[in-house]
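Worksheet: one structure, shown below.
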Number of protein chains: 2
Amino acid sequence: MKITKVLLAEDDSNLGMLLKDYLSVKNYDTTLLVNGLQALEEFPRHQFELCILDIMMPEIDGLTLAREIRKINPSIPIIFLTAKSQKEDILEGFRTGADDYITKPFSMEELLYRIQAILKRSAGSAVPRKESMYTIGNYTFDPLKQVLSFDNQPVKLTTKESELLELLCRHRNEILERNFALKSIWIDDNYFNARSMDVYITRLRKYLKKDASVKILNVHGRGYKLLC
Amino acid sequence: MKITKVLLAEDDSNLGMLLKDYLSVKNYDTTLLVNGLQALEEFPRHQFELCILDIMMPEIDGLTLAREIRKINPSIPIIFLTAKSQKEDILEGFRTGADDYITKPFSMEELLYRIQAILKRSAGSAVPRKESMYTIGNYTFDPLKQVLSFDNQPVKLTTKESELLELLCRHRNEILERNFALKSIWIDDNYFNARSMDVYITRLRKYLKKDASVKILNVHGRGYKLLC
DNA sequence: TTACCCCTTTAACTTTCTTTAACAAGGGAA
DNA sequence: TTCCCTTGTTAAAGAAAGTTAAAGGGGTAA
């Protein structure tokens, strides 16, 4: 079994040690750094395969650290740890290309699950990046202009419709996890936002039904898959 | 990278010491200067990364100080401290390129939050600086003269129209947050000013409709995006 | 001073977007 | 099967934004 090298940046040493020990038991070779500066210094000296970064850290915060790490390795998976209240951070995190984030407090199992999911994704193919234009069957979709076209007939999408469709596109032909989508777009993954997302899925399906080869499939209990 | 070096110019030594101590605890290396003259003398001798300037100071006020600092370092983030009543100051502050301002009295947490927000912004992709002339599709826009031209046909814009269009230009193809725009131009981000801004968006859209590739897109609940 | 003009704000009404609610349908486990 | 939880769908409520017109206010010229 291959051991994965993990960089863990967490300034709360209680939590940090706890996580490190837990991950080590689970066969992740974890290096704990207690602030962003140290993490940045250590990063080039190891062959890390995954980063887990607390956002709130002294000297160099997790977001800045992530940007620096991305300059060195643009494709390494990054998971952020943040307080639920720091909504701004979460949004900003996704903009810097976070692969996932977990809001404190969280369970160890939760973290482990996310780690496995991300490693599986990035092992197969590269992490889906943002594109400026997507082709969905016979449709074309411009996420910046928020326009979906079929047969040169453009339809203006609302902000939320566009955001959700873009996420589906970035994960085309693989599962877009409900929680991931909710946290990316709605920030809070509570019951009501989940129902709101269901409504938007219905709408997107309506927009996309002109091409029978395009389907948004539900994966019970997990999320949706855009087939095209 | 290291601890952020902060210049704090505040003539009230009670408040000054309090802020300095608080920021130092929060890992900002803070230098307190008790008047604008001293601050200006010290500025070139340090590698400051952020300035917090009280506006009301003897000898050299914060606004003048900011202008001088900008001559030396045009991109350093500046936060002004001012009394809520001094709206003129705030306006003038934003004109000299303030990144934010805080009205007294304020909480330490509030200040800290703003510092973090600004450093985050200027660390990543800095907010595009002012330019003397913008190209918007087939239009050209001179913010100083407040003139928008299409096909060599100039249209004179009002002050508010011009200010709003300039902000949109500086954030072209990304979201200009409502609150940011309101605070920059209208100072107060209350309901009525927000409605006033809506009216100006309508006007700008009218001016810009000669070029179909130029669009001011609304991002529901967040702000506007100028596409061009 | 008064009258006028221009800019900005306020107001009223309309439209669009998002969320909430209610009920129907489907899937998985015991 | 039955029960429970998830998802599908539609409608309506609620909130934000679009639009137009008119009121307010400050400055300037007669």
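Chain A is the first sequence line, chain B the second, and so forth, proteins listed ahead of strands; every chain is numbered from 1. Nothing here was measured: the structure is a model prediction, and the numbers come from that model.
- Rounded to whole Å, the distance from CG on L217(A) to P on dG26(C) is 15 Å.
- Of the side-chain N and O atoms in K206(A), one or more sit less than 4.0 angstrom from OP1 or OP2 of dT10(D).
- Considering only side-chain atoms of H220(A), the nucleotide from dT20(C), dT18(C), dG26(C) that sits closest is dG26(C).
- Across dA11(C), dT9(C), dG8(D), the shortest atom-to-atom separation from the side chain of D198(A) is found for dG8(D).
- At the phosphate of dT19(C), neither OP1 nor OP2 sits under 4.0 Å from any side-chain N or O atom of R195(A).
- When each of V199(B) and K156(B) is assigned the nucleotide of DNA chain C bearing its nearest heavy atom, the one mapping closer to the 5' terminus is K156(B).
- Here the side chain of N190(A) pairs a donor or acceptor atom with the backbone of F192(A) at under 3.5 angstrom.
- Along DNA chain D, the nucleotide nearest R203(A) and the nucleotide nearest N218(A) are compared for position; the residue whose nucleotide lies closer to the 5' end is N218(A).
- For dT7(D), the OP1/OP2 oxygens have no side-chain nitrogen or oxygen of T202(A) closer than 4.0 Å.
- Taking atom OH of Y200(A) as the reference point, atom C1' of dT9(D) lies 15 Å away to the nearest angstrom.
- The distance from atom CD1 of I175(A) to atom P of dT6(D) is 16 Å, rounded to the nearest whole Å.
- Within the 3.5 Å criterion, the main-chain N or O of Y207(B) finds a donor-acceptor partner in the side chain of Y139(B).
- D11(A) is linked by a salt bridge (charged side-chain N to carboxylate O under 4.0 Å, His left out) to nothing, counting only residues two or more places apart in sequence or in another chain.
- Rounded to a whole Å, the CG atom of L176(A) is 15 Å from the C1' atom of dT7(D).
- Contact check, R178(A) against dT7(D): a side-chain N or O comes under 4.0 Å of OP1 or OP2.
- No more than 12 heavy atoms of other residues, nucleotides or ligands shown are found within 6.0 angstrom of NZ on K209(A).
- Counting to the nearest Å, the C1' atom of dC17(C) and the CD atom of E161(A) are 8 Å from each other.
- Taking a cutoff of 4.0 Å between a charged side-chain nitrogen and a carboxylate oxygen, D198(A) and R178(A) qualify as a salt bridge.
- Remark: C1' of dA22(C) and CZ of F192(A) are 13 Å apart, rounded to the nearest angstrom.
- At the phosphate of dC17(C), neither OP1 nor OP2 sits under 4.0 Å from any side-chain N or O atom of T158(A).
- Between L157(B) atom CG and dC6(C) atom P there is a gap of 16 Å when expressed in whole angstrom units.
- For R205(A), the side-chain atoms get nearest to dG8(D) when compared with the rest of dA11(C), dT7(D), dG8(D).
- The interatomic distance linking E163(B) (CD) with dT8(C) (P) rounds to 8 Å, in whole Å.
- Contact annotation: W186(B) does not reach the phosphate of dT8(C) (side-chain N/O to OP1 or OP2, under 4.0 Å).
- OP1 or OP2 of dC5(D) has not a single side-chain nitrogen or oxygen of Y191(A) nearer than 4.0 Å.
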